[in-house]
Structures are given as C-alpha cells and as structure tokens.
2 protein chains.
Amino acid sequence: MTTTIRLATSNDAAGAGQSKCGMCGFKNLCLPQGLTDSEIGRLDKIIGRRRRVERDENLCRMEQPFHSLYAVRFGHFKTSRVNHSGQQQITGFQMAGELLGMDAIGNGQHACGVVALEDSEVCEIPFARLQELFAEVPQLLRHFHRIMSQEIMREQNAMLFLGNMRAEQRFATFLLNLSTRYAARGYSPSSFQLRMSREDIGDYLGLTIESISRLLSRFRASGWIAVDKRELRILDHAKMEELATGIVLAAAAPARAQIFMQAAHA
Amino acid sequence: MTTTIRLATSNDAAGAGQSKCGMCGFKNLCLPQGLTDSEIGRLDKIIGRRRRVERDENLCRMEQPFHSLYAVRFGHFKTSRVNHSGQQQITGFQMAGELLGMDAIGNGQHACGVVALEDSEVCEIPFARLQELFAEVPQLLRHFHRIMSQEIMREQNAMLFLGNMRAEQRFATFLLNLSTRYAARGYSPSSFQLRMSREDIGDYLGLTIESISRLLSRFRASGWIAVDKRELRILDHAKMEELATGIVLAAAAPARAQIFMQAAHA
DNA sequence: CGAATCTTTGAGTGCGCTCAATGTCGGTGG
DNA sequence: CCACCGACATTGAGCGCACTCAAAGATTCG
C-alpha cells in the first residue's frame, strides 16, 4: 500500500495486522470485551483482512457458503431475508462493534443477506480459526456465547413488537433502540441520522413505507421529534418511552407509574 | 439390558445417572448429535437430574437467574415474553430433543418464561459444567454453536411471518412447521395433536384467538384439514404449502412453478 | 436540465380486531 | 341423574388501523 491518504480506518504497521482489536474504539462492545491485552493480541492474529464495503454493496448474500463472521468497524448494515414468495423481512440494522453472520453457523450458509447502508468497513473473522482460539482463550468463548444469546434476545424483541404492537408503538420502540445504541457508542442519544431508507424501516417494522412516512409526519407535528430528511432529533424522550412501553409516567397516572418505577429498579 | 419393557422415560441404574443420553431416543436431534459413544458418556456425567414438569407448571420464569439449559425429554413446552405493558408474545413451542434456555446465557437471567403444555420431562444441563466439557469435546462445542445459530434462524423465520404474512399464510406456515418437526421424530406428519390452546397459537402468530378459530373453521370447511378439538389432520399437504409459500404448484401456473422447482433444487 | 429515486400526502378499502353471544366440554356437588 | 360452573372454543356484527392505489413533491445524480 503506497497511498498517503488515510481515514479513521487506518492502521499503523502495514501488512502484518497487529493491534487491530487493541486499538479499535469499539473493542469494549465487540468480541474482545473482557479480554486481557495478551488475549486480545491472540485474537488480533486471527482477524482476517479488513474489508471495505461500499454503500448498497452486498457483504454477503443469502445461501452463500459460510466462512467468516464479520465485525462492523464503522458504517451501518442491514440484514434481510427473502422468502419464496418474494416477501422481504429486514432482520436487523447493525452498527460499529456489532457482529454479523451468526445465523450462518448452523447450516454453513448465510441465512440472511447483508448490505451496507453507507460506505462501511468490517473485520473478517474466519470462523474456523476463531474456533481454534476458543480452546485457548476460554474467556473469549464465554463472551461469544453471550453475544449469540443476545442475538437471540434481539430477535425475540423483534417478535414482540411485530406480533403485538401497533404501528406507533413499534416506531417509538425502534427510535429508542437506535437512541440507546448510539448512546452506548458515545454519540448523542437524541440526535442522529437515520442511515436506512423509509422503506428499510418499514421492512424491519412490518409496516409500509407510507405508514413510516405518516408516522414521521405525525411525530413531528406533535412536537415529539424533529426530522429533516434522514436527520432526526428526539425532542420528547419521555413521550417516546411512553409510546414504546404503553405506560404513562405522568401526573395523570401517578399510582401506576410508581409501581412501574419500583419494578424497574427491583 | 435385562429389562424387557422400557418406557421412553425410564432409566436403569438408580442414582448415578449413567447412559442418560446414550439411551435416549432423541439423541440424534439433541446435544449429543454427532458425538462418539465415549463422548456421549462424558456428556452423560454432567447431565443433572431429570425434572418432571406438570402441565401448566413453570419450568422457569422471566428474569430468574440462569444456571442450566434444559433439553426436552418428552412433552411439550411454550416459551413466552411479556413486556412492560403486559403484552405477551409466545416465542416458540418446544418438543422432544429441543433445547431450552439459550436466551438466558447473555444476561445470566431468563429472558423467556417456560411453561409445560402437558406433563413433561426435561434433562437439566448445568451450563457451567457444559462449558468445562466444551474444552474437552470440541465436537460438542461445534454442535452447540450450530444449535444456537439454528435458534437464531428460527426466530428470524418467526420475524418473517409476523412482519410479512397474512393470517392464512401464517397459520399454514405454523401447521407445516409442526408437521415437519413431528416427521423428524418419527411421528405422522399429517396427523397430530395441537398441544397448545387456540390462545397460545394466536399469541405465537400475532393473531387473536377468534382469528385462529375462524382459520381452523375455514380450513376445515375447505377440506384442507380435519379438526376435532385439538386433534388435527392435514388432508391437503400441497394446499398447505401453496398457502405457506404463496406459490401455486399447479396447472394454473406451470411456468412459475417450474422456475421455483429449479430454484429449490439449485 | 431531465430522469430516476425517494418521500409525502390523500382517498378509499379490507383484513383482522373488538365486542358480544352462544356452544361445548369436563368437573363438582346436590 | 341433572344442574351448574368455569374454561375454552365458535360464530356473528361492526369498526378501525394500516394497507393499497394514486398523484404530486423533493432530492439526487448524470
């Protein structure tokens, strides 16, 4: 590599691939979480090449053979499944520090297609080598199990809103989920960009593009959010939580609110 | 082996707990899949007590601390989550050979409640001991990862029908799913009992109890199924697949059917 | 500037929900 | 034995939320 311009993605020592995880700003959200420096070093050694993925490019397609997991280094992705009749369901949106491809382990082929929502970069993690490392770094294995389990919980949360919630509640839940995840990454929980199109949001929430558009308009008109194209600000966080949980934490229903607060802190 | 008659549930040598997995009729569907006899023996040693669970009894509740996974030995279970506003989503129905509790690994507490649909029995698998065994039996670890990944896929399938399908299509998908799973266990794929109430089915499919009842009536009136209480027979399997996939494999649309058949075999 | 894509907004419709009544079954006690 | 009860299931009537269809506006990109 002889290029001179380097973005935030750059790594020092060319080639050998040292300190990939150790220097990554998201190591506490990603696979290395809870590992010692020396263990991180061993993980570094098996991390494959970084891979740039341009906006709208497929990181992998459904039914492709599985070789590697991918950790998002920066950028955003969407994962989706299409069934025989052509119906698409977006199964999730992934951001920096999150792991992609765990659905592919079971059958040795990707169950979801993965597409970049913007120019992004992932770290390739050859699964065969990761498995070897599990034997040597038990803490890594334990954390990997936690990550997979959390992926299961994430999907179950999606089932919960797809099966039970009205459009308004789904959408508020979605916005709060983004808010929380950005906060965990040190970004503003109240002001962020929607990296995905209205259609993607709809395909995730089980709603149409028109419904998403109407929800955005209505939330804006109510003064709960501000939207300009894909720029979004949550103006009334409490109202969002009220919508998402269905619980009114206000003077109107103080008794019930207290009960909930106690439960939440228990 | 000196006994002549053995129920699926019986175990010989009292106490010590030998040959639990080795003699289990579902070992090829469960954790021991692909293990050698000696490896199964090692797995046997860590399997905790068997636990009987009566109909409507909780195997575990939401937010309980996590210690063990459970393998269903016989009987049926449902797993469900309830959110703050009291909305319930059934996340799945489990039968013999299936593993319960993987959602609890991530946070160390059960994300789902588990209730027996009939008198049932599970094998308790202390997770800490299972983790120790992973280090000694790599094949077990690999298979465990496959199981967790398949659980992720299962949840994603649920997202697909909850987000995209009409009531009729969801219900046909549900019936075919049961059919396939019973077939894999050596039972009839076309005749089985619905172990769960209409309400449970509704809470799983994101529909009301009335809708489920109407669907059953309509499917019966159309001659596609026979229902008597909870006894169900699939009379027209092809029609069920047509409904579930949205693809008509019939003379009416031969061209499209051919395309699908090719794709399915590719 | 024009073409393509994405988004917003409106009008009307229909699927599945809500509410309500009736039916069926198993259990319990007189 | 029947009467009664509670749980579960079925069926009907009417409604409303989100969908479909349609058109216009906004934005991006060549």
Side-chain angles (χ1 to χ4, degrees), chain A residues 54-56 76 78 85-90 115 117-119 161-174 193-222 225-232 243 246, chain B residues 54-57 76 78 85-90 115 117-119 161-175 193-222 225-232 243 246:
Chain A
E54 286 178 14
R55 179 178 175 151
D56 293 329
H76 286 74
K78 64 176 174 186
S85 35
Q87 296 155 315
Q88 177 175 109
Q89 177 67 40
I90 288 186
V115 176
L117 294 172
E118 60 187 326
D119 293 353
F161 65 65
L162 287 172
N164 286 295
M165 295 184 187
R166 318 226 130 261
E168 199 175 60
Q169 201 178 359
R170 295 188 200 187
F171 191 59
T173 302
F174 170 69
Q193 257 199 38
L194 299 170
R195 277 13 193 258
M196 65 297 286
S197 69
R198 309 290 197 255
E199 186 171 13
D200 288 336
I201 300 175
D203 286 347
Y204 178 60
L205 296 178
L207 301 168
T208 58
I209 183 172
E210 294 97 327
S211 292
I212 302 301
S213 187
R214 276 185 250 269
L215 283 163
L216 278 167
S217 299
R218 188 142 43 90
F219 279 25
R220 177 158 40 77
S222 303
I225 62 172
V227 211
D228 178 33
K229 320 235 168 69
R230 294 194 172 181
E231 201 65 42
L232 190 135
L243 289 172
Chain B
E54 285 178 15
R55 180 178 174 148
D56 294 327
E57 187 186 341
H76 286 74
K78 65 176 174 185
S85 35
Q87 297 156 314
Q88 176 175 110
Q89 176 67 39
I90 289 187
V115 176
L117 294 173
E118 60 188 327
D119 292 354
F161 66 65
L162 287 172
N164 285 296
M165 295 185 187
R166 317 227 129 260
E168 199 174 61
Q169 199 177 1
R170 294 187 202 188
F171 191 59
T173 302
F174 170 68
L175 292 182
Q193 257 199 38
L194 298 170
R195 278 9 194 260
M196 64 297 286
S197 69
R198 309 289 196 255
E199 186 171 12
D200 288 337
I201 301 175
D203 285 347
Y204 178 59
L205 296 178
L207 301 168
T208 58
I209 184 173
E210 294 97 327
S211 292
I212 301 300
S213 187
R214 277 184 250 269
L215 284 163
L216 278 166
S217 300
R218 188 141 44 88
F219 279 25
R220 176 158 41 74
S222 304
I225 63 172
V227 212
D228 178 32
K229 322 244 165 65
R230 294 193 174 182
E231 201 65 42
L232 189 133
L243 290 172

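Just so we're on the same page: letters track the sequence lines, and every chain starts at 1. Predicted model, so just to flag it, every value in this text is computed and none were measured.
- For A:K229, counting side-chain heavy atoms from C-beta on, the closest listed nucleotide (D:dT27, D:dT11, D:dT10) is D:dT27.
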Show me the side-chain donor-acceptor pairs of residues 202-214 of chain A shorter than 3.5 Å, one per line, residues at least two apart or across chains.
| residue | atom | partner | partner atom | Å |
| --- | --- | --- | --- | --- |
| A:T208 | OG1 | A:S211 | N | 3.3 |
| A:T208 | OG1 | A:S211 | OG | 3.1 |

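- Counting to the nearest Å, the C1' atom of D:dA7 and the CG atom of B:D56 are 11 Å from each other.
- Using a 4.0 Å cut-off, no side-chain N or O of B:S217 falls inside it from OP1 or OP2 of D:dT10.
- When DNA chain C is scanned 5' to 3' for any atom under 4.0 Å from a heavy atom of chain A, the first and last hits are C:dT7 to C:dA11.
- Listed for the A:R230 side chain is a donor-acceptor partner under 3.5 Å among the backbone atoms of A:R195.
- Counting non-hydrogen atoms under 4.0 angstrom, B:S197 reaches the backbone sugars and phosphates but no base.
- Among the protein residues, A:G206 comes within range of the sugar-phosphate backbone only, with heavy atoms under 4.0 Å from sugar or phosphate atoms but none that close to a base.
- For the pair A:R214 CZ and D:dC19 P, the computed distance is 9 Å after rounding to whole Å.
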**Request:** Please step through side chain to side chain donor-acceptor pair (under 3.5 Å) for the pair B:E118 and B:Q193, ending with a clear verdict.
**Result:** CA-CA 12 Å; B:E118 60 188 327; B:Q193 257 199 38; over 6 Å; no
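- Rounded to whole angstrom, the span from the CD1 atom of A:I209 across to the C1' atom of D:dA23 amounts to 15 Å.
- Put simply, the side chain of A:D119 reaches to within 4.5 Å of the side chain of A:E54, judged on heavy atoms.
- Aromatic pair A:F174/A:F161: ring centres not closer than 6.0 Å.
- If B:R218 and A:E199 are placed on DNA chain C by their nearest nucleotide, the residue sitting closer to the 5' end is A:E199.
- Between the CG atom of B:L215 and the P atom of D:dT11 there is a distance of 12 Å, given to the nearest Å.
- A:R198 has its CZ atom 11 Å from the C1' atom of D:dA26, to the nearest Å.
- Rounded to a whole Å, the CE atom of A:M165 is 17 Å from the C1' atom of D:dC17.
- Nucleic acid contact class of B:L207 (heavy atoms, under 4.0 Å, all strands): sugar-phosphate only.
- Residue B:R230 places none of its side-chain N or O atoms closer than 4.0 Å to OP1 or OP2 of D:dC8.
- Closest-nucleotide positions on DNA chain D for A:D228 and A:E210 were compared, and the one nearer the 5' end corresponds to A:E210.
- Neither side chain, B:Q88 nor B:E199, offers a donor N or O lying under 3.5 Å from an acceptor on the other.
- In this structure, the CG atom of B:D200 is 13 Å from the C1' atom of D:dA7, given to the nearest Å.
- Side-chain atoms of A:D200 do not come within 3.5 Å of backbone N or O of A:I90 as any donor-acceptor pair.
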